[in-house]
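Some notes on the structure that comes next.
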Amino acid sequence: MAAELPRRWKHVQAVAAKAEGLRPALGDDADLLVTAAWLHDVGYSSELQVTGFHPLDGARYLSQLGADMRLSGLVGNHSGAAVEAQLRGLAAEMAEFPDEGSLARDGVWYCDMTTSPVGEPVSFDERLAEIKKRYGLEHTVPRAIEASAPEIRRAIRRVLDTAATSDCHRTSPS
């Protein structure tokens, strides 16, 4: 990904670094969160694109490699992807990868949705505005993120609340 998509790679590196900072809050799921953060955008790789929907393509790739189903599910469902899958007519395919709704899931969403495309920390509102500007208001991506916004905000809040009671330090508020 670093050579093919250097901007995306900067985003992925920052998402993974943010996930590392959440280790104290995640306990037994810390490794899972960090691994999912590193892999959440693997489906953007041109070698892996089948459907053109990166969360699903990434989840399927990991599943084909024999990855743990939880990891595949976290990649497949990151940042409200189920809504976008519905808009793209891929809901049945996404059903292969259930959304577990765990703190690890919330952690992936938090790390992704509070990191800019070039790896800078941003609020969720700033990230959503950037997505709308980049894609245009009628594109599937911003429509799906907007529809998922209440659940994304709840996920971010759960992570921040949990981190506040652990050894984590707050990074970017939503």
Side-chain angles (χ1 to χ4, degrees), residues 1-26 29-62 65 67 71-85 88 97 103-137 139-146 148-149 151-153 155-157 159-160 163 168-174:
M1 182 177 280
E4 181 184 7
L5 302 165
R7 179 177 151 131
R8 176 75 45 199
W9 183 237
K10 286 182 182 179
H11 167 78
V12 168
Q13 290 175 303
V15 168
K18 193 174 279 192
E20 283 285 350
L22 292 175
R23 278 187 178 278
L26 268 287
D29 280 346
D31 287 342
L32 177 64
L33 168 63
V34 172
T35 303
W38 276 110
L39 295 171
H40 80 282
D41 279 348
V42 70
Y44 276 117
S45 171
S46 61
E47 295 177 17
L48 306 183
Q49 291 180 3
V50 176
T51 67
F53 182 44
H54 80 276
L56 179 57
D57 290 340
R60 283 182 165 171
Y61 171 72
L62 294 171
L65 290 178
L71 176 61
S72 298
L74 291 176
V75 169
N77 286 286
H78 76 272
S79 305
V83 172
E84 187 175 343
R88 291 176 177 263
F97 306 101
L103 186 60
R105 187 280 310 246
D106 291 350
V108 176
W109 292 26
Y110 162 74
C111 294
D112 182 34
M113 298 310 302
T114 61
T115 304
S116 80
V118 294
E120 297 297 321
V122 294
S123 69
F124 173 62
D125 290 332
E126 290 168 325
R127 181 84 156 104
L128 180 56
E130 181 279 322
I131 289 168
K132 289 177 180 179
K133 182 178 180 182
R134 181 168 25 125
Y135 288 97
L137 296 177
H139 192 278
T140 305
V141 172
R143 288 177 37 227
I145 302 271
E146 184 71 49
S148 301
E151 188 172 3
I152 293 169
R153 289 181 198 288
I156 290 169
R157 179 55 39 214
V159 169
L160 291 175
C168 296
H169 54 275
R170 293 175 76 138
T171 53
S172 175
S174 62

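Given the structure is predicted, the values throughout are model-derived calculations rather than measurements.
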Q. At their closest point, which heavy atom of Asp106 faces which heavy atom of Ala155, and how far apart are they?
A. OD1-CB, 3.4 Å

Q: Please step through side-chain contact (heavy atoms from CB on, under 4.5 Å) for the pair Ile145 and Met113, ending with a clear verdict.
A: CA-CA 10 Å; Ile145 302 271; Met113 298 310 302; 3.9 Å; yes

**Q.** From Thr35 atom OG1 to Asp29 atom CG, the distance as rounded to the nearest 0.5 Å
**A.** 11.0 Å

Q) To the nearest 0.5 Å, how far apart are CD in Glu151 and CH2 in Trp109? A) 4.0 Å

Q. Are any side-chain N or O atoms of Glu4 and backbone N or O atoms of Ser46, one a donor and one an acceptor, separated by less than 3.5 Å?
A. yes

Q) Which atom names give the shortest non-hydrogen contact between Ser72 and Ala59, and what distance separates them? A) O-CB, 3.3 Å

Q. Considering all heavy atoms of both residues, which atom of Ala25 and which atom of Leu103 are nearest to each other, and what is their separation?
A. O-CD2, 3.7 Å

Q: For Tyr61, look at atom OH and say whether over 12 heavy atoms of other residues, nucleotides or ligands are found less than 6.0 Å away.
A: no

Q) How many angstroms lie between atom CG of Asp31 and atom CD of Glu20, to the nearest 0.5 angstrom? A) 8.5 Å

Q. Out of Val34, Val159, Asp112, Thr114, which one pairs with Lys18 under the side-chain contact (heavy atoms from CB on, under 4.5 Å) rule?
A. Thr114

Q | Contact check, side chains of Ser45 and His54, non-hydrogen atoms, under 4.5 Å | A | no

Q) What are the two closest non-hydrogen atoms of Gly52 and Asp57, and how far apart are they? A) N-OD2, 3.0 Å

Q) What are the two closest non-hydrogen atoms of Ala81 and Phe53, and how far apart are they? A) O-CZ, 3.4 Å

**Q.** Between NE2 on residue His78 and CD on residue Glu84, distance to nearest 0.5 Å
**A.** 9.0 Å

Q) Is the shortest side-chain N to carboxylate O distance from Asp125 to Arg153 below 4.0 Å? A) yes

Q | Pair His139-Arg134, side-chain contact (heavy atoms from CB on, under 4.5 Å): steps then yes or no | A | CA-CA 10 Å; His139 192 278; Arg134 181 168 25 125; over 6 Å; no

Q. Distance from Met1 atom CE to His11 atom NE2, nearest 0.5 Å?
A. 9.0 Å

Q.
To the closest 0.5 Å, what do you measure between CG (Leu137) and CD1 (Ile131)?
A. 12.0 Å

Q.
Do the side chains of Lys133 and Glu130 get close enough for a salt bridge, i.e. N-O under 4.0 angstrom?
A. no

(Q) Could you walk me through whether Val12 and Trp38 satisfy the side-chain contact (heavy atoms from CB on, under 4.5 Å) test, starting with their C-alpha distance in whole Å, then the side-chain angles of each, then the deciding distance to 0.1 Å, before giving a yes or no? (A) CA-CA 6 Å; Val12 168; Trp38 276 110; 3.9 Å; yes

Q: Dump the intermediate steps for side-chain contact (heavy atoms from CB on, under 4.5 Å) on Arg88 and Val141, then the final yes or no.
A: CA-CA 10 Å; Arg88 291 176 177 263; Val141 172; 4.2 Å; yes

Q: Could you pull out the closest heavy-atom pair between Thr115 and Ala14, with the gap in Å?
A: CG2-CB, 3.6 Å

Q.
Is it the case that the side chain of Asn77 and the backbone of Phe97 share a donor-acceptor pair, with hydrogens and angles ignored and the cut-off at 3.5 Å?
A. yes

Q) Has the side chain of Gln49 got a donor or acceptor atom that lies under 3.5 Å from a matching backbone atom of Tyr44? A) yes

